[in-house]
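The structure appears below as C-alpha cells.
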2 protein chains.
Amino acid sequence: MRKAEDILALKGVKPTAVRLNLLEFLLEQDKALSLKEMEIGLLHMDRSSIFRSLKSFEEYKLIHSINDGTGMTKYAVCAEGCNCELEDLHYHFYCTSCEKTFCLMDHPIPSIILPKNFKMTDANMVIKGLCDQCNK
Amino acid sequence: MRKAEDILALKGVKPTAVRLNLLEFLLEQDKALSLKEMEIGLLHMDRSSIFRSLKSFEEYKLIHSINDGTGMTKYAVCAEGCNCELEDLHYHFYCTSCEKTFCLMDHPIPSIILPKNFKMTDANMVIKGLCDQCNK
DNA sequence: CAAGACAGTGCAACTCGATTGCAAAGTTTA
DNA sequence: TAAACTTTGCAATCGAGTTGCACTGTCTTG
Ligand SMILES: [Mn+2]
Ligand SMILES: [Mn+2]
Ligand SMILES: [Zn+2]
Ligand SMILES: [Zn+2]
C-alpha cells in the first residue's frame, strides 16, 4: 500500500493532519466512498474539512470522483501513475444490492466513435448490476 | 414527429392535460431537459405535477433519465420501439460549453467485459466534451 | 343520472447532499 | 516576533428532489 505522506508529497499537497488522516482512510478502502461515509468513518473530523480536502485532492489529481446515480458523489484514490487524463478513465460499477461502487481499474474506456465534430474530454461511465458477492 | 397522444395510448398512460402538454414539449426538444428547464418552458405548469408526470412516464418507459453529472437529472423521450432494455441503452453526451445533454441514439453501448461473476443490468454512460456547435 | 371511489393536480413544506461565510487555529514568511 | 497566508470547525444556506394534503376532475356502479 502506498503511503499517504508520499502521495501528498508527490502531488504537491501540503500534508496537514486532516489530509493525512483522510487519505490514509481512503487508501484502506476497496470501494469508492461518499462524503457521508467518510464522516462516519472519521468521527472526529468535520464534514466541511473533509469536503474541502476532497476538493483539494481532486484538484491535485490524488483522487477522482464518480457520479453513480445514487445522488451522492463517490470518491476513490487514483491509481499509481494516474494523471486523470483520458487514458486514465475507467468504468465504474455500482452494485444495486450491496450499494458499493467499485473502480474497474482494469477496464479502461475504449475510444468511442462520436458524431462528426464532437470532441471528448472526459467521461463518467457507470455500469449497474450485481457484484460478484451479490450475484449468487 | 410522433404524436403525444399516440405515445401515451401505446404505452398505456392516461392522457391528461398536463401529461399531453408535457410530452408535446419534450417531443419538440433536441436535447435532454432538466425539471427546472421544463418548469421554465411550461410556465403555467406546477413543478410537482411535472415531476410526477415524469415519474409516470419513466415507469411506463416513455422517457429515460440521464445523470450527466451536473446535479440535475435530465430526461429525454425514448426512441420509437424502445423498451428500456439493455439493448436500448446508448451513450449520452454532455457539452461543457453549451451545457446541453444529448442522446447519442446511434451509439448503443457495446457489451462490456466485466470482472468474473459481475452482472450488468443497467448503465449510465456520459461522455463529456464539446458538441459540434461548440467545437470550432 | 347521481353518489361514491379513484386518479391527478397545485401549493406549500420538507429532506438531504452539497456548499459557503466567518472567526479561530495553525503555518509560513519577512 | 509580527504580519500574511492557509487550514479548520461550526453554523448557516442553497437547491434539486420529494412528499403531505386538500381540491378537482374522471370513472364506476347502482
Ligand atoms: Mn475509479
Ligand atoms: Mn438518451
Ligand atoms: Zn454487491
Ligand atoms: Zn455545445
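What you are looking at is a predicted structure, and each value in this text was computed from that prediction instead of being measured. Lettering follows sequence order; numbering is per chain, from 1.
- Sorted by residue number, the list of members of residues 92-102 of chain A with any non-hydrogen atom under 4.0 Å from DNA chain D is empty.
- Remark: of the listed residues A:Glu58, A:Lys74, A:Lys55, A:Glu58 is the sole one forming a side chain to side chain donor-acceptor pair (under 3.5 Å) with A:Ser65.
- A:Glu39 places its CD atom 12 Å from the C1' atom of D:dC10, with the value rounded to the nearest Å.
- Rounded to an integer number of Å, the gap from CG of A:Leu42 to C1' of D:dT8 is 15 Å.
- Every side chain to side chain contact (heavy atoms under 4.5 Å, CB included) that A:Glu80 has, sequence neighbours left out, goes to A:Arg2.
- Side-chain atoms of B:Asn135 do not come within 3.5 Å of backbone N or O of B:Asp132 as any donor-acceptor pair.
- Rounding to whole angstrom units, CD1 of residue B:Ile50 and P of C:dT9 are separated by 11 Å.
- The distance from atom CE of A:Met45 to atom P of D:dC10 is 13 Å, rounded to the nearest whole Å.
- In the displayed structure, A:Glu5 atom CD is contacted under 6.0 Å by at most 12 heavy atoms of other residues, nucleotides or ligands.
- By the neighbour-count criterion of 12 heavy atoms within 6.0 Å, atom CD1 of A:Ile113 is sparsely surrounded, having that number or fewer from other residues, nucleotides or ligands.
- Between the B:Thr96 side chain and the B:Gly129 main chain, a donor and an acceptor come within less than 3.5 Å of each other.
- Taking atom CG of B:Leu43 as the reference point, atom P of C:dC11 lies 13 Å away to the nearest angstrom.
- The aromatic rings of A:His90 and A:His64 stand perpendicular to each other, their planes meeting at an angle above 60°, with 30° marking the opposite boundary.
- The closest donor-acceptor contact from the side chain of A:Gln29 to the backbone of A:Phe25 lies under 3.5 Å.
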**Request:** Spell out protein contact along nucleotides 23-30 of chain C as letters: B when the base is contacted, S when just the sugar-phosphate is, - when no protein heavy atom is under 4.0 Å; keep the 5' to 3' order.
**Result:** --------
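- Rounded to whole Å, atom C1' of C:dG8 lies 13 Å from atom OH of B:Tyr60.
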May I have the list of side-chain donor-acceptor pairs in residues 7-23 of chain A shorter than 3.5 Å, sequence neighbours left out?
unit_1: A:Lys11; atom_1: NZ; unit_2: A:Lys61; atom_2: O; d: 3.0
unit_1: A:Lys11; atom_1: NZ; unit_2: A:Cys82; atom_2: O; d: 3.1
unit_1: A:Thr16; atom_1: OG1; unit_2: A:Arg19; atom_2: N; d: 3.3
unit_1: A:Arg19; atom_1: NH1; unit_2: A:Lys14; atom_2: O; d: 2.9
unit_1: A:Asn21; atom_1: ND2; unit_2: A:Ala17; atom_2: O; d: 3.4

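- Side-chain atoms of B:Glu37 and B:Ser34 include a donor-acceptor pair closer than 3.5 Å.
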**Request:** Sugar-phosphate means primed atoms, P, OP1 and OP2; the rest is base. With that split, encode nucleotides 15-20 of chain D 5' to 3' as B, S or - using protein heavy atoms under 4.0 Å.
**Result:** -SBBBB
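- Residues passing the side chain to side chain contact (heavy atoms under 4.5 Å, CB included) test with B:Pro115, sequence neighbours excluded: A:Leu104, A:His107, B:Phe118.
- The interatomic distance linking B:Phe57 (CZ) with C:dG8 (P) rounds to 11 Å, in whole Å.
- With rounding to whole Å, A:Asn21 atom CG is found 15 Å from D:dG9 atom C1'.
- In terms of phosphate contacts, B:Thr16 brings no side-chain nitrogen or oxygen within less than 4.0 Å of OP1 or OP2 of C:dG8.
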